[in-house]
Protein chains: 4
Amino acid sequence: MNSKSPKRSNKAQQIAQAALTEFTLNGFSLTSLEKIASSAGIGKSTIYEYYENKEELFIAAVRQACEQWFNQIKQICDQTIDPIERLEVIAEQFIDCDDFPAGTTQRFFFEVLMQTIKEGGAFYNRRHEIQHIHQKFIRTLSDILLAGVSKGQLNPKIARDADKIAITFLAFMDGMVLQSLVESNYIDVKAQIAFFIEHLAPILLKQETQITYGSEHNCNLNN
Amino acid sequence: MNSKSPKRSNKAQQIAQAALTEFTLNGFSLTSLEKIASSAGIGKSTIYEYYENKEELFIAAVRQACEQWFNQIKQICDQTIDPIERLEVIAEQFIDCDDFPAGTTQRFFFEVLMQTIKEGGAFYNRRHEIQHIHQKFIRTLSDILLAGVSKGQLNPKIARDADKIAITFLAFMDGMVLQSLVESNYIDVKAQIAFFIEHLAPILLKQETQITYGSEHNCNLNN
Amino acid sequence: MNSKSPKRSNKAQQIAQAALTEFTLNGFSLTSLEKIASSAGIGKSTIYEYYENKEELFIAAVRQACEQWFNQIKQICDQTIDPIERLEVIAEQFIDCDDFPAGTTQRFFFEVLMQTIKEGGAFYNRRHEIQHIHQKFIRTLSDILLAGVSKGQLNPKIARDADKIAITFLAFMDGMVLQSLVESNYIDVKAQIAFFIEHLAPILLKQETQITYGSEHNCNLNN
Amino acid sequence: MNSKSPKRSNKAQQIAQAALTEFTLNGFSLTSLEKIASSAGIGKSTIYEYYENKEELFIAAVRQACEQWFNQIKQICDQTIDPIERLEVIAEQFIDCDDFPAGTTQRFFFEVLMQTIKEGGAFYNRRHEIQHIHQKFIRTLSDILLAGVSKGQLNPKIARDADKIAITFLAFMDGMVLQSLVESNYIDVKAQIAFFIEHLAPILLKQETQITYGSEHNCNLNN
DNA sequence: GATGAATGAGCCTTCATTCAT
DNA sequence: CATGAATGAAGGCTCATTCAT
């Protein structure tokens, strides 16, 4: 059984998953490898059979989380061709995307960002990896918009601003999730997202097709 | 000179300021009290004369930062009575608010949020304090909008959505800053903010001044 | 094929040889079994099929090195019957005895001595083995001298001091090698050895061939 | 009390002394800081108040041992002006130089050499320090010889070989001590040293003054 | 009030050794 | 036989916190 045997790779994933859970709960610094090991049901030193050190394990967890995340995005894009709907479902996924206690994946991604932006963070010297993921996500959103344009679903005039819109969308979602994590009760996140998309949609939609594609969105506000 | 003498309180602030600087650079876990002490030019154990423990010091630093933050907001509101302009300047402050290396204050606030949302975080059991600050900020933004309405500067119909708009604004700004911290070069934050406000303004303003891609969606608000 | 089959013994030797190489480079403590295993091209746990534990493997490596060492001595003694020449060649072998980077074997022997003389050393409780080897070597040198005497090549009066001379010779060589390992560039070991033997020779040889600084001290031995 | 206060420096020495003792017993790798701490009667982490890490502590112990060593040499040189006697006493010091269990200092110095000559040793990347000490010692011995020459006590012809003789002397002593550490019972070190010096003395002594200064040495052999 | 000094608890990491296959 | 996999024990090091001066 070589080093890439499915059995071995499977265990590595198990560990990364446990790490993901624990890093999410307490962040990078406050999570001990001992905790991760016991959470994975293995001995502490076994981790080192699969990962060089704590940072590598963290990065593995990041990769795993990203993979899962992008897989879900892809599924969403396969389910509908309506760009507005796609954004809606992606937004939904931001706030409700996993089996664990609410906000697990989100907290984890914020932890990753923190480890990226602070000196001495686990990712500070590998920020390009996170940047790469970020760009990939922006491109994904942008492509949804451009596909909408090329199919005549969206206003052609937004094409030149596709990236800006994507970044705005992501910014809003990130900030929204952050607020919801802090104020889990006070804020009605779904309503907020609906509110945001209700105002975003008309900007995206074509004038002449508005009645067909966009009427339902507009109605929301007017009813 | 009692325990709340100005001299004492002054030194406490000095320490909190040094703590603020250090926590900002490396976050809560990675910042040692020794570093803070040397940065403040005092002995390590002197900190304990003023603060119970590391967490209390962190919270003091947060309070100090918030105070400074709200003072700046207040100044902005004193400089202009135009609500859009107010938002613009507040947005500017988000991305360019201090003397330190770029992004210092922002990183700090994200660190605070992380300490609030993760178990075992310094703020996890005191999240109400952060929630209180958050609500205060939302109210501040909301009040700007409502003041604009009551002065006839903004569309009266947005009054009922003032909170939602404030939350959206904050969400966008938070997310935007986060992205800019990760991608300091790739993203043109100012352009993004301008783009956001450019589309936000017509929604807030009265009918006749609205200019967007498609005129159709303005109707939604006005109907 | 029983447990002492040649095949088995052969593999054991392979492992011991790899161990020898690795122990030489980094010493006993700093050499991991993993390193030895990979150097031997086998799995880590295979070592335990051939050796009880790390100490036994070390001892095996020592035995192997000694065997090689004494074989070389024997060859030298077969090449010449002149005792001075024999000493010269043995001295040469001390400083230039292997294929590895310079000083490999020597470092190893010092490592063995260290493991012998420090509490908790791998050989501390088996020092008799090292003592045995030491005595064997002293006897070998002594025998060279005594053979020289009985063949009339050396001054008969040194016979009673043969052991002392042997010990002195070994002491000088050990110390010399040690210094050369520390100061590989600064010291001209070969010149030093030549210098030593130049002064040792007249003491061993008969009166008429002696040439030194002052002829006077030669008389001491001859009187 | 600043960082160079006598109290602080005193404690640092205490720790270094304890370290010296423990490193001597078990070598660098096998000696834990915990052991050193308990030997010094302090907590484990207190060591780090005085030394950066294990290596620095080791080096401090080396410096301390060297200082003590050279002080003793200096005292010896003050007690007699006879160069042969000086060498004799220095030789004596090699084998009997401290209060601890026999061979403590010697074992320690060999440990130092091992840490110098093996890759990954604590001194491997600072070998120049050890080389410096070595050279200093060689020079000390050499100076004794040259002083003897200039005072007319020794044969002027040895002047050009003073370094070679010093190196030879040190080599013999090192090797001798090493053998004695391995074979504490079997070898009569004092007799060996006497034997060595008895043959070294006539080489060093002047021809014409031999009767005056050197007769006693020569007599040893002849009687 | 201020601080140098001390430390225990805890963490990351290594490694000799065991065991099931 | 051979070995991949697993792990407990131990070590170096950090750091928040306490205490005596």
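Within every chain, numbering begins at 1; the chains are lettered A, B, ... in the order of the sequence lines, protein sequences first and strands thereafter.
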Taking [atom1] from [X] and [atom2] from [N], how many angstroms apart are they, rounded to a whole number?
X	N	atom1	atom2	value
D:Glu22	F:dG11	CD	C1'	15 Å
B:Lys44	F:dA16	NZ	P	8 Å
A:Ile36	E:dT13	CD1	P	11 Å
A:Leu30	F:dC15	CG	C1'	13 Å
C:Ile42	F:dG4	CD1	P	10 Å
C:Ile15	F:dC1	CD1	P	12 Å

Does one side chain, of A:Gln17 or A:Gln68, offer a donor that lies under 3.5 Å from an acceptor on the other? yes
Do the side-chain N and O atoms of B:Glu111 and B:Gln115 include a donor-acceptor pair separated by under 3.5 angstrom?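 A pair is found: one side chain offers a donor N or O, the other an acceptor, under 3.5 Å apart.
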Donor-acceptor check, side chain of C:Tyr51 to backbone of C:Ile59, threshold 3.5 angstrom: yes or no? no
Are the ring centres of D:Phe23 and D:Phe58 closer than 6.0 Å?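 Yes, close enough.
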Taking the nucleotide of DNA chain F with the nearest heavy atom to each, does D:Leu33 or B:Glu34 sit closer to the 5' end? D:Leu33
Would you kindly compare C:Ser45 and A:Gly41 by the position of their nearest DNA chain F nucleotide and give the one closer to the 5′ end? C:Ser45
Heavy-atom count check: over 12 atoms from other residues, nucleotides or ligands less than 6.0 Å from B:Glu52 CD? no
Taking atom CD of B:Glu119 as the centre, does the number of heavy atoms from other residues, nucleotides or ligands within less than 6.0 Å exceed 12?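 Check passes, neighbour count above 12.
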Phosphate contact (E:dA5 OP1 or OP2) by D:Arg8 side-chain N/O below 4.0 Å: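 Checking E:dA5 against D:Arg8, a side-chain N or O does come within under 4.0 Å of OP1 or OP2.
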Listed nucleotide nearest any side-chain atom of B:Lys11, set E:dT3, E:dA2, F:dG12: E:dA2
Yes or no on salt bridge (charged side-chain N to carboxylate O under 4.0 Å, His left out) for D:Glu56 and D:Arg126, after CA distance, side-chain angles and deciding distance? CA-CA 11 Å; D:Glu56 292 304 317; D:Arg126 307 178 67 162; 2.9 Å; yes
Watson-Crick or G-U stems involving DNA chain E, each at least 3 pairs long, distances under 3.5 Å, ordered by first number: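 Ordered by first number, the stems with DNA chain E (at least 3 consecutive pairs each) read E:2-21 with F:2-21.
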Tell me whether the side-chain N or O atoms of D:Ser32 pair up with the base of F:dG11 as donor and acceptor below 3.5 Å, since no angle test is needed here. no
Checking all strands, does B:Lys35 fall into the base, sugar-phosphate, or nothing category for heavy-atom contacts under 4.0 angstrom? nothing
Sugar-phosphate only, base, or nothing, as touched by B:Ser29 at under 4.0 Å among non-hydrogen atoms: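 It contacts nothing in the nucleic acid.
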Go nucleotide by nucleotide along DNA chain E from the 5' end; which of B:Gly43 and D:Gly43 gets its closest nucleotide reached first? B:Gly43
Test: B:Lys54 cationic atom under 6.0 Å from B:Phe28 six-membered ring centre, within 45° of axis: yes
Can a salt bridge be assigned to the pair B:Lys11 and B:Glu49 using a cut-off of 4.0 Å between side-chain N and carboxylate O?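 A salt bridge is absent here (no side-chain N lies under 4.0 Å from a carboxylate O).
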Contacting residues from residues 46-63 of chain B, given that a heavy atom lies under 4.0 angstrom of DNA chain E: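 Here the set is B:Thr46, B:Glu49, B:Tyr50.
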